[in-house]
Amino acid sequence: MSVPSVTRAPAATPGTAAHAGRTVRTRRRVLGLLVLLLLVVAACAASIAIGSRPLGPGTAWTALTDRSLRTEEAVIVWDLRVPRTALGLMVGAALGVSGALIQGHTRNPLGDPGLLGVTAGASFAVVLAIVLLGVGTPAGYVWFAFAGALAGTVAVYVLGSAGRGGATPVTLALAGSALSALLFALVRTMLISDSDSLDAFRFWVVGALAGRGADVAWQVAPFIAAGLVLALLNAPALDLLGLGEDVARGLGQRIWLARLTGLGATTLLAGAATAACGPIAFVGLVAPHVVRAFTGPAHRWLVPCAGLLGAVLLLTADVLGRVVARPGELQVGIVLALVGCPFFVALVRRRRTATL
Amino acid sequence: MTTSTPDAPPLSAPTSDGRVRLAAEGLRLAYDDRVVVEGLDLTLTDGSFTAIVGPNGCGKSTLLRALGRLLRPAAGRVLLDGRAIQRTPTRDVARALGLLPQTPVAPAGLTVADLVARGRHPHQSWLRQWSAEDEAVVAEALSWTDMGDLADRPVDELSGGQRQRAWISMALAQGTDLILLDEPTTYLDLSHQIDVLELVARLHAERGRTVVVVLHDLNLAARYAQRLVAMRDGVLVASGTPHEVLTEQLLADVFDLEARVVPDPVAGSPMVVPVRRLRR
């Protein structure tokens, strides 16, 4: 005699359900990472093959692989496009990662390197170098920009932690805005009084990869490498800080250590990127937002993925700038603003922006 | 590890040897120049369940922050297992003492399982990353707090009561036998307040946790805690069993409240029935 009953599938034990959920998330993250790696390779290839003088993929490949060639194409590839691509790769990654760090540390979804005084500090130092010392090449600006970025970040941090309770996301953002406003006002004051400096400065401030040779790339490479290592070390701490400082400390995180590591990494990355290419907006803001769609709030995934997407964005925008204005070119900073802005608006409209 | 016994009475206390786990000695707590707590001594024994009560602004949350090493005392000291807590490394404290601040906020999109997993941080290092033991502890914490079915839901999409369960689950996964909670029932309706306090009482009764909780509701504090600590203006006014502390005289002294204290018809603990506020 069987009693008719509704047979229910045995409920999975909670442990395995949680485990299955984590497996699904991990798979999505790995897939996203692979796609990003493919995009990076594609963007690099495009950046080497496409330019004001188009080389077919075959020609570019031959010039790239056979170092004995001394053709004009080989010179273009090795002297111009490879350094430019390498620089774009580094600077894009640096901007993406520093954006992820700043958004994580300030718990502010609008965080980008401009928020912490990096851009303003670097701009101010570059103008000083041009006006007072007559420095006139990107390789010459680099050290000034870097020093300015560092000074700007430190000043913001000192101002932001002055009050009771130390540096909080809000005080840091306030100090960053205040200092940026002041420094940009000083920059404008100096530029108004000196039109020669204005010419030099406006090519730097627009944000470009063009005209930066291998020397600039080699100058900033060690700083970006060090910044990336610090950023990856900082990622687990950001996961804890996301729960609030009290909880993070309760879980054994030394807050000052996490903040210092993050500050060091941000300054190195955003400072080096700004020094090399001028202030480039948008990459640091958008890259973390986009990858958060598949990484979620896990910084171990978010930080490296934001770096890869940052590189893809910058290289793609640079290639686009070479194509649309042939035989001249449009600076990458302008392309990013023109293409990126509507894209970001669409993104915000499509899904609720994550609050941090 | 204790197995979950759903029918265990909430007030059954685990055996304790009365060893002092956490102590405050001559504690003065201040924000800048404003002194919030003055000359406070307190001992919390192993396996106890203590509720700190007092009117708004009496310094009870500040005291809890100092006990959890979130606030450095202006004078005096806090001892964790006999050792000055300020001199104990952050990670060692995190392995002995877990704490939940008032209304903690999780980042958008963080799932319950990932939140609970973060409770394992004090047990991890660069050499020892996520382990099978961590996995087992998290799964057990989720099922014990009845959050297994919600493990993959984002914390920010849960109801207030579920959210608080998720955070308590994280504190459980942290594996500390001392747990401090700052007003875990804030913003919850009465039935969810009961739900959360039942869970906290089970942490104490079934898992042998030493619990310190800051609570606003005197009747709930009297029902669930073994010991009440009453504060006013940064000073410890009374400490003892709910019957010893919740007297009509104390309610007048500490809360400026004229009230009747009658036995709670369900639990037998003292129950406060307010009459009117006394003007001083």
Side-chain angles (χ1 to χ4, degrees), chain A residues 11-26 29 103-104 107-109 163-166 232-233 235-258 289 292-302 351-356, chain B residues 31-32 65 68-70 89-95 97-124 126 129 135-136 138-154 156 167 170-171 174 176 180 182:
Chain A
T13 63
T16 54
H19 189 266
R22 199 168 304 133
T23 311
V24 169
R25 278 196 299 285
T26 307
R29 288 165 179 167
Q103 290 179 8
R107 294 173 88 182
N108 180 346
R164 158 187 144 185
L232 290 177
L233 289 175
L238 279 175
D239 282 347
L240 295 179
L241 287 172
L243 305 178
E245 282 199 6
D246 284 354
V247 177
R249 206 173 305 161
L251 289 173
Q253 179 63 50
R254 276 165 294 177
I255 306 295
W256 63 269
L257 182 65
H289 271 293
R292 206 172 275 129
F294 67 86
T295 65
H299 284 86
R300 280 165 237 243
W301 290 91
L302 175 62
R351 70 184 185 90
R352 197 164 53 89
T353 321
T355 49
L356 295 180
Chain B
Y31 295 112
D32 295 327
R65 287 175 61 79
R69 197 179 174 269
L70 295 178
T90 313
R91 187 169 287 250
D92 291 357
V93 173
R95 288 192 187 132
L97 181 156
L99 52 93
L100 280 189
Q102 200 179 337
T103 54
V105 180
L110 185 73
T111 61
V112 172
D114 282 345
L115 174 69
V116 177
R118 287 179 185 181
R120 296 303 294 165
H121 181 263
H123 306 277
Q124 293 163 352
W126 281 104
Q129 297 280 342
E135 184 73 46
V138 168
E140 203 271 341
L142 283 167
S143 71
W144 192 83
T145 51
D146 214 8
M147 291 298 286
D149 293 340
L150 300 172
D152 284 321
R153 291 271 298 280
D156 54 331
W167 284 95
M170 186 200 81
Q174 194 177 344
T176 60
L180 314 183
D182 191 359

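Within every chain, numbering begins at 1; the chains are lettered A, B, ... in the order of the sequence lines, protein sequences first and strands thereafter.
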**Study point:** Heavy-atom pair count under 4.5 Å with chain A, highest-scoring of B:Leu110, B:Thr176, B:Leu115
**Key:** B:Leu110
Review point. Checking heavy atoms, do the side chain of B:Leu70, its backbone, both or neither come under 4.5 Å from chain A?
Key: both
Practice item. Answer yes or no: does atom CZ of A:Arg254 have more than 12 heavy-atom neighbours from other residues, nucleotides or ligands under 6.0 Å? Key: no
**Study point:** Heavy-atom proximity to chain B below 4.5 Å, by part of A:Leu233
**Key:** both
Exercise for review: With rounding to the nearest 0.5 Å, note down the distance linking CG in B:Asp182 to CZ in B:Arg65.
Suggested key: 8.5 Å
Check your understanding: Using non-hydrogen atoms only, which part of B:Thr111 is less than 4.5 Å away from chain A: side chain, backbone, both, or neither?
Key -> side chain
Review point. Measuring from A:Leu243:CG to A:Leu238:CG, what's the distance to the nearest 0.5 Å?
Key: 11.0 Å
**Study point:** Nearest-0.5 Å distance, CD of residue B:Gln174 to NE2 of residue B:His123
**Key:** 6.5 Å
Practice item. To the nearest 0.5 Å, tell me how far B:Met170 CE sits from B:Asp114 CG. Key: 13.0 Å
Practice item. Using non-hydrogen atoms and a 4.5 Å limit, figure out which bit of B:Leu100 sits close to chain A: side chain, backbone, both or neither. Key: neither
